[in-house]
Enquirer: 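Have a look at this one before I ask anything.
Here the structure is a predicted model, which means the values were calculated and not measured. Hydrogens, waters and symmetry mates are skipped; everything else that's a heavy atom, side chains included, is used.
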Amino acid sequence: MATVAPNGIILEASGLTKHFGGVPALHDVGFVARKGQVTALIGPNGAGKTTFINCLTGLLRPDKGSMVFDGQELFGLSPHRIARLGIARTFQNLGLFPRLSVLDNVLCGLSTQAGDSLLEAFLRTPSLRHRERRLRLAALEALDTFGLADRAEWPAGALSYGEKKHLELARAFVSGPRLLLLDEPVAGLNPDETERVGTLIRQMRRTGATLIIVEHDMDLVMSVSDHVVVLDGGRRIAGGAPEDVRRNPLVLEAYLGKISVTA
């Protein structure tokens, strides 16, 4: 099995390019993510941030480029094979199953660990029952971590919008992914809910999780990130530590709006 490079790089994208009808959504994009750190991907709408996430998770196939995760090339792999490597994600638009219980939604995040033997499922073997108990306990622990334990049996559709965001985080985090991709985790949340998500992201980082977040809330980005990458029109235009990006005149003018260099 491949191991993380000595310099801590767990993901390295290079030359990533994707066109839609001749329009470049990504053009020669490259950056690295390091184990145990939070990397933020920022830029205006249409900059290519979600396209990058979709390429990384196999939902889109890049036109060219390389995406190496812990020594494994991801280019051309199917979404389920990429998920089995330990990459999980959330979505801009909530991807929950509203009629399933909150607990069952989280259990969906453990599907890669559930086994795929029809014979085992038919016979209800002791090993299968033991695995189901283990997965249920893991799901309940995740709900407790994300403040939803008392709603485990609720239908997911009955949750508030903020709670649904927490549920998506719980479902993505429950499997203990080696890389967690969060696509606009605080979109539509009020300041209190946003702060709670920020706390959860910092908590995940303290457990050793590696995260890439796509986000427009710059206060959140600056407070949780170790490294920030800026895209514009599908191209990488800047990258570095949060304070370096905060003080980059081009980034300040184009993306950070009213955030001052002394904020």
Side-chain angles (χ1 to χ4, degrees), residues 9-35 37-69 73-75 79 82 87-93 172 179-188 194 197-198 201 205 210-259 261 263:
I9 294 174
I10 193 170
L11 173 72
E12 182 170 7
S14 58
L16 207 62
T17 299
K18 178 65 179 178
H19 290 78
F20 295 109
V23 178
L26 293 174
H27 181 76
D28 199 28
V29 171
F31 69 89
V32 301
R34 299 183 187 276
K35 186 177 182 182
Q37 293 190 355
V38 177
T39 301
L41 200 56
I42 68 171
N45 289 329
K49 306 180 299 296
T50 295
T51 299
F52 175 85
I53 297 295
N54 287 339
C55 288
L56 184 59
T57 53
L59 294 181
L60 291 175
R61 183 182 178 92
D63 298 327
K64 62 179 181 178
S66 175
M67 303 171 290
V68 178
F69 174 68
E73 175 62 63
L74 301 181
F75 193 108
I82 291 173
I87 298 177
R89 69 168 295 176
T90 64
F91 292 85
Q92 281 186 22
N93 300 316
L179 177 62
L180 179 56
L181 313 172
L182 305 182
D183 196 353
E184 299 194 20
V186 301
T194 296
V197 171
I201 290 174
R205 185 187 184 280
T210 305
L211 297 93
I212 295 177
I213 64 171
V214 170
E215 187 49 63
H216 288 289
D217 188 309
M218 292 299 101
D219 288 335
L220 176 72
V221 166
M222 295 300 167
S223 70
V224 303
S225 303
D226 299 287
H227 187 80
V228 179
V229 176
V230 187
L231 298 182
D232 178 26
R235 299 173 184 266
R236 172 180 168 157
I237 65 165
E243 286 305 315
D244 294 336
V245 170
R246 184 192 293 270
R247 289 174 169 79
N248 184 311
L250 175 63
V251 177
L252 283 170
E253 178 180 358
Y255 304 109
L256 302 190
K258 297 181 180 179
I259 295 179
V261 297

Enquirer: Measuring only between side-chain heavy atoms, which start at C-beta, is Phe69 closer than 4.5 Å to Leu11?
Expert: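 Yes - at least one pair of side-chain heavy atoms lies under 4.5 Å apart.
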Enquirer: Show the nearest heavy-atom pair for residues Glu215 and Ile42, with the distance to one decimal.
Expert: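 Shortest heavy-atom contact: O-CG2, 3.7 Å.
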Enquirer: State, with a plain yes or no, whether a side-chain heavy atom of Leu179 is found less than 4.5 Å away from one of Leu56.
Expert: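 Yes; the side chains approach each other to less than 4.5 Å.
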Enquirer: Side chains of Arg89 and Ile53, heavy atoms from C-beta outward: is any pair under 4.5 Å?
Expert: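 Touching, per the 4.5 Å side-chain cut-off.
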Enquirer: Quick one: closest heavy-atom pair of Glu12 and Val32, and the distance?
Expert: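 So the two residues come closest at CG-CG1, 3.7 Å.
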Enquirer: When rounded to the nearest 0.5 angstrom, what distance separates CE in Met222 from CZ in Arg246?
Expert: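 With rounding to 0.5 Å, CE (Met222) is 5.0 Å from CZ (Arg246).
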Enquirer: Grab the two heavy atoms, one from Pro62 and one from Phe75, that are nearest each other, plus how far apart they are.
Expert: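 That closest heavy-atom pairing would be O-CZ, 3.3 Å.
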Enquirer: Once the angle between the rings of His27 and His19 is folded into 0 to 90°, is it parallel (under 30°), tilted (30 to 60°) or perpendicular (over 60°)?
Expert: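 Perpendicular, since the angle between the ring planes exceeds 60°.
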Enquirer: In Å and rounded to the nearest 0.5 Å, what is the CG to CG distance from Leu59 to Asn54?
Expert: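 One finds 5.0 Å between CG of Leu59 and CG of Asn54.
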Enquirer: Check Phe52 against Leu41 and note the closest heavy-atom contact, atom names and distance.
Expert: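 Between these two residues, the closest heavy atoms are CD2-CD2, 3.8 Å.
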Enquirer: May I ask you to decide if Leu231's main-chain N or O and Lys49's side chain share a donor-acceptor pair within less than 3.5 Å?
Expert: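 Absent.
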Enquirer: What is the distance from atom CD1 of Ile9 to atom OG1 of Thr210, rounded to the nearest 0.5 Å?
Expert: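 Separation between the atoms: 12.5 Å.
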Enquirer: Apply the side chain to side chain contact (heavy atoms under 4.5 Å, CB included) test between Leu180 and each candidate in Leu211, Ile212, Val38; give the one that qualifies.
Expert: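 Exactly one candidate clears the test, Leu211.
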Enquirer: Working to the nearest 0.5 angstrom, can you tell me the gap between Lys18 NZ and Leu60 CG?
Expert: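 Between atom NZ of Lys18 and atom CG of Leu60 there are 5.5 Å.
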Enquirer: Does any part of the side chain of Met67, heavy atoms only, come nearer than 4.5 Å to the side chain of Leu16, both counted from C-beta?
Expert: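 Yes, at least one pair of side-chain atoms sits under 4.5 Å.
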Enquirer: Specify the closest pair of heavy atoms between Val221 and Ser225, including all atoms of both residues, with the distance to one decimal.
Expert: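 Scanning both residues, the minimum pair turns out to be O-OG, 2.7 Å.
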Enquirer: Just so I know, are the side chains of Ile87 and Leu74 near enough to count as touching, which here means a heavy-atom distance under 4.5 Å?
Expert: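 Yes. Closest side-chain heavy atoms under 4.5 Å.
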Enquirer: Give, for atom CG of Asp217 and atom OG1 of Thr194, the distance between the pair rounded to the nearest 0.5 Å.
Expert: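 So the CG of Asp217 and the OG1 of Thr194 are separated by 5.5 Å.
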Enquirer: What's the spacing between Arg235 CZ and Thr17 OG1 if we round to 0.5 Å?
Expert: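 One finds 9.0 Å between CZ of Arg235 and OG1 of Thr17.
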Enquirer: What heavy-atom pair brings Ile82 and Gly58 nearest, and what distance separates the two atoms?
Expert: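 For Ile82 and Gly58, the tightest heavy-atom pair comes out as CD1-N, 3.6 Å.
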